[in-house]
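Heads up, the thing below is written out as structure tokens.
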Amino acid sequence: MKVGIADTTFARYDMARTAIRELKAGASIQIARYTVPGVKDLPVAAKKLIEEEDCNIVMAMGMPGAAEIDKMCAHEASSGLIMAQLMTNAHIIEVFVHEDEAPDERSLAYLAEQRTVEHARNVLDLLFRPERLTQRAGTGQRQGYEDAGPIESSGSSGEVR
Amino acid sequence: MKVGIADTTFARYDMARTAIRELKAGASIQIARYTVPGVKDLPVAAKKLIEEEDCNIVMAMGMPGAAEIDKMCAHEASSGLIMAQLMTNAHIIEVFVHEDEAPDERSLAYLAEQRTVEHARNVLDLLFRPERLTQRAGTGQRQGYEDAGPIESSGSSGEVR
Amino acid sequence: MKVGIADTTFARYDMARTAIRELKAGASIQIARYTVPGVKDLPVAAKKLIEEEDCNIVMAMGMPGAAEIDKMCAHEASSGLIMAQLMTNAHIIEVFVHEDEAPDERSLAYLAEQRTVEHARNVLDLLFRPERLTQRAGTGQRQGYEDAGPIESSGSSGEVR
Amino acid sequence: MKVGIADTTFARYDMARTAIRELKAGASIQIARYTVPGVKDLPVAAKKLIEEEDCNIVMAMGMPGAAEIDKMCAHEASSGLIMAQLMTNAHIIEVFVHEDEAPDERSLAYLAEQRTVEHARNVLDLLFRPERLTQRAGTGQRQGYEDAGPIESSGSSGEVR
Amino acid sequence: MKVGIADTTFARYDMARTAIRELKAGASIQIARYTVPGVKDLPVAAKKLIEEEDCNIVMAMGMPGAAEIDKMCAHEASSGLIMAQLMTNAHIIEVFVHEDEAPDERSLAYLAEQRTVEHARNVLDLLFRPERLTQRAGTGQRQGYEDAGPIESSGSSGEVR
């Protein structure tokens with residue numbers, strides 16, 4: 001199995017290093033890394049990792065800024081990453097941490113670290129033990145934050161018209 | 001007939017369980033389930049269920065959060081699900097329940113349950129008795145809420161220039 | 001000639017009935033009808049009508065709700081309908097009536113009726129007499145509302161650098 | 001050379017007439033005209049002009065309304081026009097005039113006229129003398145408005161790290 | 001190696017001249033330049049440079065205006081540029097400078113100049129020494145502004161559930 005890691009020089013934390021460490025700790029896999037300037041360059045980088053480097057799955061990491069224009073860039077990148085997946089039938093796990101998700105730089109770096117670790121584990125599950133994802137289906141998992149947890153219904157089910 | 005169920009670990013309610021129960025109760029069908037981390041991973045999962053698991057139709061379930069960024073994720077996922085359908089000529093019935101659609105967790109879970117049940121029935125209709133959908137065309141059906149019902153025109157029709 | 005009619009159970013008015021009546025009154029054509037739950041299911045339904053039912057053109061009718069989320073659904077559906085047209089080189093005439101376009105239910109139904117009638121005539125023109133559309137080019141046609149009409153320029157034309 | 005003209009009955013000014021006059025005055029070319037109801041019908045019309053009528057380039061003219069929903073329609077149309085270009089490797093020059101771009105109808109018509117004239121000249125340049133576009137690169141050209149003109153840098157260039 | 005330069009007559013600064021100078025200073029490469037009216041014409045121009053002019057990579061430069069409609073144009077262009085990359089598996093480095101990014105014209109021109117220089121270097125790195133991009137991964141690089149720099153985590157990593 002080969003995992004592609006697409007990341008950016010724009011990001012302020014080396015999430016790829018974390019991802020590679022976590023992936024290697026969890027399984028014997030090959031890694032191909034591809035660094036681009038910003039998140040809008042990630043979709044084609046991820047697609048090339050899949051099609052030209054024979055990666056089975058890709059992690060696309062980025063750290064969009066807090067300004068309105070940065071939010072739009074992230075949206076365009078995300079849409080492109082979804083399109084790249086549809087064109088290749090391979091997963092590209094987006095690991096984006098928005099600069100305004102944390103109150104200060106240390107918390108932001110910590111969040112980036114934790115989210116990357118959790119998504120690296122998701123990647124390993126997708127590759128080697130997809131049943132573990134199904135076991136956690138609908139349980140409110142959050143990557144980098146405390147999990148929201150599952151909720152329960154009070155209503156009697158199946159009685160709608 | 002084979003129905004694909006794509007769902008997420010992010011969701012806080014196991015809508016897939018409900019869907020599978022309802023589908024199995026309504027017809028003799030095969031089920032293929034595919035759990036991914038979040039809604040943005042659903043489009044390629046649904047496409048793989050169609051193309052690699054030979055599903056005739058897919059239900060894509062998710063529970064986007066209430067924040068602005070979550071709304072954008074849901075939009076990107078929805079756009080991807082539509083594109084996946086256009087690339088495969090197969091229906092992917094989106095069953096999304098937004099966290100801010102209900103005032104509390106129990107109501108949210110109940111809504112998720114009901115919407116899933118009703119959409120499972122839509123799936124069965126699309127597969128086995130499409131004429132039943134046409135019978136309900138233009139009647140204001142709502143999944144998980146009370147139906148809005150049909151409206152009637154007071155004007156004399158067909159007289160515009 | 002064969003016209004596809006894609007409509008929804010979500011809509012509160014049976015626009016398809018109106019469309020079929022108007023189309024049949026105007027020309028000898030075949031009709032294929034395909035009802036889906038909501039507007040986001042319309043793009044693939046329209047594409048299937050074109051590719052699997054050999055429709056030459058499709059009318060896609062829907063009645064999006066007034067809430068923000070409904071507006072987004074309509075946007076996603078519209079984008080998908082445009083993509084479906086580009087993938088098939090066939091027209092899909094979108095007949096959407098937004099729930100907040102009219103002050104009350106009767107007016108809304110009347111608007112839905114009139115818009116459908118006028119777009120059915122557009123469909124017949126596209127199929128059989130496209131020169132009639134060109135005769136009305138730039139004349140401010142509105143479907144379901146009073147036409148806006150043409151405007152005239154006061155400036156002497158053709159003199160910009 | 002053959003130029004496609006895609007326009008709408010929704011627009012309130014016959015921009016196509018202006019475009020055809022200007023194109024014919026500037027070069028010996030064939031014209032194919034295709035009128036559709038509204039701007040969302042333009043992308044497939046333009047693609048058909050390229051693929052089925054062998055047009056080398058297309059002008060897509062429209063006059064979106066001022067309301068929020070009209071802005072969204074224009075966005076969807078523009079996105080579709082870009083996609084149509086990517087699918088055909090041919091230019092589709094969008095000539096949209098928004099109803100709220102001018103204070104009154106006469107100014108709006110004048111703006112539509114001027115923008116069309118200038119974009120018709122752009123089309124001729126793209127077809128016959130692309131070097132003239134490069135001569136004007138970065139000079140702040142505006143179609144239908146006074147040109148913004150070029151700006152100059154005070155900084156010494158090339159010294160960033 | 002051949003680098004495509006797609007630029008616009010709308011922009012108010014000749015970013016292409018800067019790009020070509022910087023590229024030629026850094027490596028022995030061929031250049032193909034393609035000027036179009038505005039940013040929405042860039043996606044197909046870039047794709048044609050890749051597919052018809054055999055460019056290995058493209059720089060797409062533009063200077064979107066400050067108005068709401070210009071922001072939407074830039075968004076549509078950016079989405080198209082990402083799609084063009086996915087269709088060709090080649091990078092198109094977007095070099096957009098928004099008119100409202102600087103307080104006055106001289107600063108804006110200076111910003112355009114610097115951003116172009118830095119992205120030209122990114123292009124050379126992507127072509128000839130991609131490892132240099134990886135060396136700068138996660139270090140907060142900004143094109144045309146002072147770099148944001150890397151951030152460090154205070155938390156102990158790898159300890160999330």
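In what follows, chains are A, B, ... by sequence order, proteins preceding strands, each numbered from 1. Heavy-atom basis, side chains included; hydrogens, waters and symmetry copies ignored.
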Review point. Given that the side chain runs from C-beta out, which part of A:Ser79 has a heavy atom under 4.5 Å from chain E: side chain, backbone, both or neither?
Key: neither

Exercise for review: Taking the side chain as every heavy atom from C-beta outward, state whether A:Tyr145 and A:Arg115 have any atom pair closer than 4.5 Å.
Suggested key: yes

Review point. Heavy-atom distance under 4.5 Å to chain E: side chain of A:Ile69, backbone, both or neither?
Key: side chain

Practice item. Heavy atoms only, distances under 4.5 angstrom: which of E:Leu126, E:Thr134, E:Asn122 has the most pairs with chain A? Name it, please. Key: E:Thr134

Exercise for review: State, with a plain yes or no, whether a side-chain heavy atom of A:Asp7 is found less than 4.5 Å away from one of A:Arg17.
Suggested key: no

Exercise for review: Verify, without hydrogens or angle tests, whether A:Asp147 (side chain) and A:Arg142 (backbone) share a donor-acceptor contact under 3.5 angstrom.
Suggested key: yes

Study note, to complete from the structure: Honestly, the part of A:Ala77 sitting under 4.5 Å from a heavy atom of chain E is backbone

Point to revise | Rounded distance (nearest 0.5 Å) linking atom OH of E:Tyr34 with atom SG of E:Cys55 | key: 11.5 Å

Review point. So do the side chains of E:His119 and E:Met61 get within less than 4.5 Å of each other, counting heavy atoms only?
Key: no

Review point. Is E:Glu68 atom CD crowded by more than 12 heavy atoms from other residues, nucleotides or ligands, each under 6.0 Å away?
Key: no

Check your understanding: Do the side chains of E:Arg129 and E:Leu124 get nearer than 4.5 Å, heavy atoms only?
Key -> yes

Check your understanding: Should E:Val3 and E:Leu127 count as side-chain neighbours, where that means a heavy-atom distance under 4.5 Å?
Key -> yes

Practice item. For chain E, find its close neighbours in residues 35-54 of chain A: heavy-atom separation under 4.5 Å, sorted by number, or none. Key: A:Thr35, A:Val36, A:Pro37, A:Lys40, A:Asp41, A:Pro43, A:Val44, A:Ala45, A:Lys47, A:Lys48, A:Glu51, A:Glu52

Review point. Does A:Arg33 reach the main-chain N or O of A:Ala16 with its side chain, forming a donor-acceptor pair under 3.5 Å?
Key: no

Review point. Does a sphere of radius 6.0 Å around CD in E:Glu131 hold more than 12 heavy atoms from other residues, nucleotides or ligands, not counting ones at 6.0 Å or beyond?
Key: yes

Review point. Does anything in residues 85-99 of chain E get under 4.5 Å of chain A by heavy atoms, and if so which residues?
Key: E:Gln85, E:Leu86, E:Met87, E:Asn89, E:Ala90, E:His91, E:Ile92, E:Ile93, E:Glu94, E:His98

Exercise for review: Check the pair E:Arg21 / E:Asp14 against salt bridge (Lys or Arg N to Asp or Glu O under 4.0 Å), numbers first and verdict last.
Suggested key: CA-CA 12 Å; E:Arg21 185 198 65 212; E:Asp14 188 356; over 6 Å; no

Exercise for review: Over all heavy atoms of both residues, which pair between A:Gly144 and A:Gln114 is shortest? Give the atoms and the distance, please.
Suggested key: CA-CB, 3.9 Å

Check your understanding: Of the backbone (N, CA, C, O) and the side chain (C-beta and beyond), which part of A:Ala84 lies under 4.5 Å from a heavy atom of chain E, both, or neither?
Key -> both

